[in-house]
Amino acid sequence: MTKIFYRYLIKRSFYFSFLILIIFGLLDSVFMLISELENITNEYKFANILKYVFFSMPHRLIDFVEGSCLLGLMISLGLSHQEGNLNVLRSSGSSPFKIVALSSLGAIFLTLSLIFLDEISFRNLFLNAEASKNFVVNRNNTSNTQSKWVKSGDSYLNFHDILDNKIYKVRFLKFKDKKLSHSIISDSAVLDGDKITFDNAVYKNFLDNTEIKEYVNFDIPLRSKITLDNINNLGIIDLYSYKKLFSNSTLKKDITFKSHIDKYFYKKLFLPISIFLLIVFFGSLVFTSLRETTIGGKIIISIVGAFIYRLIQDLSTSVFISYNLPVVIGIALPSMILIILSLRLYKNI
């Protein structure tokens, strides 16, 4: 009998969490659409905006999964408590911790599924949509104030953005005997290791005997491929790769940059753990002296508490980055505090 109740609670927490996640995603898309309409031009049309918003939504859901799972489980437990299902489980010998922990499996499954899908698909959809938007918006922008110049051997490369394996607004200059040999200008190019293949490029030859190919070999420095603005859009595997590559550098700028990589890497890695701990902590409200409080009151307390938890985590992470301390401790510290508080709460139930 108890297995039936637990299956019901797991499914219910999953359905509520998923529904709330979709609602948050739709609301975010509406606000995003309104914001993007301010940038509408003859080049960047309404259809382009809709495409950008639509393909960005799945990746942006990861920002709302924590609140959605907590909210979904609190609603699920609150309704089950009113229906008397939790009393049945407690009468059968199930502890409050076991009830909350098993009920959270639906929300945790949703979180892990979203992280997995984001790694293999959603993130790439977002990056392609972002690249398409930047390409259209900046097509007629000839300003080089945001461009980067990098050198490799006797060649120079100028570009605006690198998203995944695509480079945008590219200019390649090749020198020979200190003279400009040829140039290649292209709106976009494909990056495959050290090989750059240009799309619909414009070639200019300044030496008659120079052979120009549609691709070049160019070693782009790692630091030029990523910025603080796009770290959050990197996948866990990519973040781990950059984390390893920067670990051997002793330059102050690289050490600070690696700290920010660590921040996003451990945040994504700790996300399912943080969600589980938040669920366990606030799920205890159903069994404490607050049981006479309405479902709405418990939900409000949970939302405020989760917001405070996120603020504390961001603050502790920033402090650890500022003092060059292990970022993983700054990320995990609020979780450790939550574990201690949860143990005390369940002990007093």
ILVMFWY cluster, V286 and L343 together (side-chain gap under 4.5 Å): yes
Single-linkage hydrophobic cluster, 4.5 Å side-chain cutoff, L112 and L239 together: yes
Scan [range] for pairs that pass ring pair (Phe, Tyr, Trp, His ring centres under 6.0 Å), counting only residues two or more places apart or in two chains.
{"range": "residues 325-349", "value": "F97-Y346"}
{"range": "residues 18-53", "value": "none"}
{"range": "residues 301-327", "value": "none"}

Tell me every residue that passes side-chain hydrogen bond (donor to acceptor under 3.5 Å, both in side chains) with S56, counting only those two or more places apart in sequence or in another chain. none
In chain order, what residues pass the side-chain hydrogen bond (donor to acceptor under 3.5 Å, both in side chains) check against K268, with sequence neighbours excluded? none
Write out all pairs satisfying salt bridge (charged side-chain N to carboxylate O under 4.0 Å, His left out) with one or both partners inside [range], taking only residues at least two apart or from two chains.
{"range": "residues 74-101", "value": "R12-E83"}
{"range": "residues 47-63", "value": "D28-R60"}
{"range": "residues 305-319", "value": "E66-R310, K267-D314"}

Measure up the F175 and Y156 rings against each other and bin them: parallel (under 30°), tilted (30 to 60°), perpendicular (over 60°). perpendicular
For Y215, what residues pass the ring-ring contact (aromatic ring centres under 6.0 Å, His included) criterion, not counting sequence neighbours? none
Quick one: does any side-chain atom of S316 pair with a main-chain N or O of I312 as donor and acceptor, under 3.5 Å? yes
Can you tell me if Q313 uses its side chain to pair, donor with acceptor, with the backbone of I331 under 3.5 Å? yes
So [Y] and [X], do their side chains get closer than 4.5 Å, heavy atoms only?
{"X": "I231", "Y": "Y242", "result": "no"}
{"X": "L77", "Y": "S103", "result": "yes"}
{"X": "F159", "Y": "V150", "result": "yes"}

Regarding S152 and D219, is there a side-chain donor-to-acceptor distance under 3.5 Å anywhere? no
Under 3.5 Å side-chain donor-acceptor pair for Y15 and S76: no
Within a reach of under 6.0 Å around CG of L37, are more than 12 heavy atoms found that belong to other residues, nucleotides or ligands? yes
Might you confirm whether atom CG of N200 has over 12 heavy atoms from other residues, nucleotides or ligands at distances under 6.0 Å? no
Decide side-chain hydrogen bond (donor to acceptor under 3.5 Å, both in side chains) for S188 and D199; before the verdict, give the C-alpha distance in whole Å, the side-chain angles of both, and the deciding distance to 0.1 Å. CA-CA 6 Å; S188 62; D199 302 324; 3.1 Å; yes
Heavy-atom pair of closest approach, residues I196 and A189: CG2-CB, 3.7 Å
If you look at every heavy atom in A306 and L278, which pair is closest and at what distance? CA-CD2, 4.3 Å
For I300, all residues meeting side chain to side chain contact (heavy atoms under 4.5 Å, CB included), sequence neighbours excluded: V304
Got a sec, which residues hit side chain to side chain contact (heavy atoms under 4.5 Å, CB included) with F14, two or more places apart in sequence or on another chain? F109, L110
D154 and salt bridge (charged side-chain N to carboxylate O under 4.0 Å, His left out): which single residue from K174, K178, K179 fits? K174
Between F246 and F257, does the ring centre distance come in under 6.0 Å? yes
Taking the six-membered ring where the residue is Trp, are the ring centres of F122 and H59 under 6.0 Å apart? no
Just how far is it from atom CG of L277 to atom CD1 of I337, taken to the nearest 0.5 Å? 12.0 Å
Residues sharing L19's hydrophobic cluster, by side-chain heavy-atom contacts under 4.5 Å among ILVMFWY, directly or via others? I23, L27
